[in-house]
Structure formats: structure tokens, C-alpha cells
Enquirer: 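Shown below is the structure under consideration.
Numbered from 1 within each chain, the chains take letters A, B, ... in sequence-line order.
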2 protein chains.
Amino acid sequence: MKIGELSRATGTNIETIRYYERIGLLPEPARTAANYRSYGEAHRTRLAFVRHSRELGFTIEEVRSLLDLADHPERECSEADRIATRHLAQVEEKIGQLVTLRDELSRIIGRCRGGLAADCRVIEALGDHTMCNGDHE
Amino acid sequence: MKIGELSRATGTNIETIRYYERIGLLPEPARTAANYRSYGEAHRTRLAFVRHSRELGFTIEEVRSLLDLADHPERECSEADRIATRHLAQVEEKIGQLVTLRDELSRIIGRCRGGLAADCRVIEALGDHTMCNGDHE
DNA sequence: GCTTGACCCTGTAGTTGCTACAGGGTGCAT
DNA sequence: ATGCACCCTGTAGCAACTACAGGGTCAAGC
């Protein structure tokens, strides 16, 4: 499989594949006589693992740890569980932040009734730093 | 006000303040004889506006537009409303994505009962690219 | 008067996770 | 032989900061 085929097979940008190789997430593949990268099924599987992990929001370093664990099936999987659980907590925290954000944005936008910027509630609310979160630190 | 005081007054990193000045979000302040930046109340207000906008997730370019509008109170505020409304839609989309993510992560983690990585459901699930989202494109 | 420490300056490079060239080589069909 | 699609390396760019390195300034204390 050449890099273009692997790209299509996994929905990964070609440049991204080469990037993953450069940072050591994917092993260097064999080369053809013309110096083209030549991939096998194992590469495809590994790249799919990486892409799926990334889509779930794991950082590159977390993916590295997860891959490392996948490469050593004799180890305990508690590390994988720990990474995933911590990540879940982060996702939940982010959701909470975004919900707060959404509410504040809705509140701000709701007050806008058009007219001149001088009277704009959106701009006014942004300039007002004594916000509803009570952050008086 | 020197840059350190402005930093404390707005909860903004000093380097960030200088960065904002460099990219033209904040005007260049006057300088003391020792070439120290000297800020007034208007700077503080403007920086607070920028920080608040950034906390709400507006991009720098969006903040630039909002500031521009705040600087021209004779204009219509529909642009501000448009920016904020579009941003709200993006936040809502992001929340939806993260909720999907959270559910998938929960599902994966819920199946982990410890033991060896060889049997780890987390790692198995990451490797499995035929996921529940039915993405067969 | 001299040092210590906190503060300030500029300029550049690093971060994350890619993405986009520039400038070239290869392979196959017409 | 001439397109064209594909591949190669290496470097630079993106957002939005953050972190130095290497220097200057200022007030307080000995």
C-alpha cells in the first residue's frame, strides 16, 4: 500500500501520516525501489487506532501511552483505564465550561434589539468585567 | 500604571499584554523616561474587554471586529449580533460533539474490568474502527 | 556606594497538531 | 515524449499564547 492508499483507507491526510511517522507514532515503513513508502495491514490498523484516539480527543502523548500499552499485552491495563478516565473527566469539565459559556452568550445576545453600537448590549456586556460569574479576584 | 499592575488588574499574563500590543489589539501606550510602558484607565478597560471576549471563546479576529465596533458607536450593532450568534452556534455544536464523545468514552471505560492489556476493552475499542457512530464513509 | 531583588525591555523560539507549500523525482498512459 | 497523478524532503505557517536569553532600571538596605 502506498501512502495515498493508506490515506484514503483511513481518512487521514497524507501530510498527517508523514507527521505521525516523524514524531514516532507510526513506525517507518519499508520503501520501494523508488523510495516510496510501502505500508502493510499492521500500519493501517495502527493508524486507525491513532485516528480514533485522536477523534476521541486524546492528546498525542496519551495516544503514545495507549499505543505503548497495546504493544505490550502482558502489562496491566490499569494505565489505559487511568488515561481514559482522566480524559473523560476533562471532557466533562469542558462540557460544563461550554454550557456556562453558552448560557452567558445566550443572555448577552438575548438583550440585543438592534440599533446603534453605542447602545449595543453585546458590546456593553463584553466591556463589563463584573460578570455574573462573580470573579472578583 | 506599569505593565505589571495592568497584568494584576486584569488577570492577564504580561507576555500576553505585549503580544496583544504587537498584533494591534491594544494601542501602544506612552513610555516613561526609562522606556517602561505606561497605561491609563482606557487601556485597562480595553484589555478587560479583550480578555472577557477571549474567555467567551471569541477568536482574536472576532475580538478585533467587536473592538472595532465598540470604537465606532455610530455604526449599527448588527455585526456584533451576527458574530455572537454565529459563535453561539459553534459553542452549541462543540457541546454536542463533546457529549457524543463523553458517551463513547463512558461506554469504553465501563467495559474495562482491569486485568491484562491483552484483554483491555479500552485498547480494543480504540483499535476497532467500526465504531458505534456508523461512520462507513 | 554598592549590592540585591523586583521589575521592565526586546527579540526570538517553543508549544500542539497538524497543514501547506516549494522544488524536485517516479510511473504509467497516450 | 509529454502529460498527469502521484511520491519525496524540508521548511514554514496557523492560533494564541508562553518562555526564555540577555540585557536595562529603580528603590531599599548595608
Side-chain angles (χ1 to χ4, degrees), chain A residues 1-26 28-40 43 46-67 83 86-87 90-91 94 97 101, chain B residues 1-26 28-40 43 46-67 83 86-87 90-91 94 97 101:
Chain A
M1 204 176 352
K2 278 188 287 183
I3 199 167
E5 298 169 72
L6 181 63
S7 166
R8 282 187 294 278
T10 59
T12 312
N13 192 319
I14 287 179
E15 322 261 32
T16 305
I17 297 174
R18 287 198 279 248
Y19 167 71
Y20 286 161
E21 179 184 325
R22 206 160 56 242
I23 64 172
L25 269 195
L26 296 182
E28 294 184 22
R31 298 288 183 130
T32 68
N35 200 31
Y36 287 8
R37 287 172 178 80
S38 180
Y39 296 99
H43 287 101
R46 194 177 178 88
L47 180 53
F49 185 104
V50 172
R51 288 314 299 168
H52 189 200
S53 303
R54 291 287 304 127
E55 275 160 23
L56 286 173
F58 289 101
T59 66
I60 294 281
E61 287 316 304
E62 285 168 341
V63 175
R64 214 186 283 279
S65 300
L66 291 168
L67 274 172
I83 292 171
R86 189 188 50 196
H87 182 51
Q90 284 165 1
V91 169
K94 190 78 194 167
Q97 287 169 0
L101 215 68
Chain B
M1 207 180 342
K2 280 188 285 181
I3 199 168
E5 298 168 71
L6 181 63
S7 167
R8 282 187 296 276
T10 60
T12 313
N13 193 318
I14 287 178
E15 322 260 32
T16 304
I17 297 175
R18 286 198 280 247
Y19 168 70
Y20 287 161
E21 179 183 326
R22 206 160 56 242
I23 65 172
L25 270 196
L26 296 183
E28 295 185 21
R31 299 288 183 128
T32 68
N35 201 31
Y36 287 9
R37 286 172 179 83
S38 179
Y39 297 98
H43 288 99
R46 196 178 177 87
L47 180 52
F49 185 104
V50 172
R51 288 314 300 168
H52 189 200
S53 303
R54 291 286 306 124
E55 275 160 24
L56 286 174
F58 289 101
T59 66
I60 294 280
E61 287 316 305
E62 285 167 339
V63 176
R64 214 185 282 280
S65 300
L66 292 169
L67 273 173
I83 292 173
R86 190 188 51 198
H87 182 51
Q90 285 166 1
V91 168
K94 189 75 193 170
Q97 287 170 1
L101 215 70

Enquirer: How would you give the extent of chain B contacts on DNA chain C, as first and last nucleotide 5' to 3' within a 4.0 Å heavy-atom cut-off?
Expert: C/dC7 to C/dT10
Enquirer: Could you tell me whether a side-chain N or O of A/Ser53 sits under 3.5 Å from a main-chain N or O of A/Phe49, the two making a donor and an acceptor?
Expert: yes
Enquirer: Between A/Arg18 and A/Glu21, is the closest basic N to carboxylate O distance under 4.0 Å?
Expert: no
Enquirer: Please tell me which of A/Thr16 and A/Thr32 maps to the more 5' nucleotide of DNA chain C, matching each residue to the nucleotide holding its nearest heavy atom.
Expert: A/Thr16
Enquirer: Can you give me the bend angle of the helix from C/dG1-D/dC30 to C/dT30-D/dA1? Use the axis through the first five pairs and the one through the last five, nearest 10 degrees.
Expert: 30°
Enquirer: Using a heavy-atom cut-off of under 4.0 Å over every strand shown, decide if A/Ile14 touches base, sugar-phosphate, or nothing.
Expert: sugar-phosphate
Enquirer: Donor-acceptor pair, distance only, cut-off 3.5 Å: does the side chain of B/Glu55 make one with the backbone of B/His52?
Expert: no
Enquirer: Could you give the OH-to-C1' distance, from A/Tyr39 to D/dC6, as a whole number of Å?
Expert: 14 Å
Enquirer: Mapping B/Thr59 and A/Arg22 to their closest nucleotides on DNA chain D, which lands nearer the 5' end?
Expert: A/Arg22
Enquirer: So does A/Glu28 pair up with A/Arg37, basic N to acidic O under 4.0 Å?
Expert: no
Enquirer: Measure the distance from CZ on B/Arg37 to P on D/dG24 and round it to the nearest whole Å.
Expert: 17 Å
Enquirer: On DNA chain D, check which nucleotide each of B/Glu61 and B/Ala33 is closest to and give me the residue with the more 5' one.
Expert: B/Glu61
Enquirer: Indicate, with a heavy-atom threshold strictly under 4.0 Å, whether A/Arg18 touches base, sugar-phosphate, or nothing.
Expert: base
Enquirer: Sequence neighbours left out, what passes side-chain hydrogen bond (donor to acceptor under 3.5 Å, both in side chains) with A/Arg51? Give chain and number order.
Expert: A/Tyr20
Enquirer: For A/Arg51, which contact category applies under a 4.0 Å heavy-atom criterion: base, sugar-phosphate, or nothing?
Expert: sugar-phosphate
Enquirer: What is the distance, rounded to the nearest whole Å, between atom CD of B/Glu5 and atom C1' of D/dC26?
Expert: 14 Å
Enquirer: Which part of the nucleic acid does B/Tyr20 contact within heavy-atom distance under 4.0 Å: base, sugar-phosphate only, or nothing?
Expert: sugar-phosphate
Enquirer: Partners of B/Arg64 by side-chain hydrogen bond (donor to acceptor under 3.5 Å, both in side chains), sequence neighbours excluded?
Expert: B/Glu61
Enquirer: To the nearest Å, how far apart are B/Ile3 CD1 and D/dT25 P?
Expert: 17 Å
Enquirer: According to side-chain hydrogen bond (donor to acceptor under 3.5 Å, both in side chains), who are the partners of A/Glu5, at least two apart in sequence or on a separate chain?
Expert: none
Enquirer: For B/Ala34, check side chain to side chain contact (heavy atoms under 4.5 Å, CB included) against everything at least two apart and list the hits.
Expert: B/Thr32, B/Tyr36
Enquirer: Are B/Met1 and B/Ser38 packed together at the side-chain level, in the sense that at least one heavy-atom pair is separated by less than 4.5 angstrom?
Expert: no
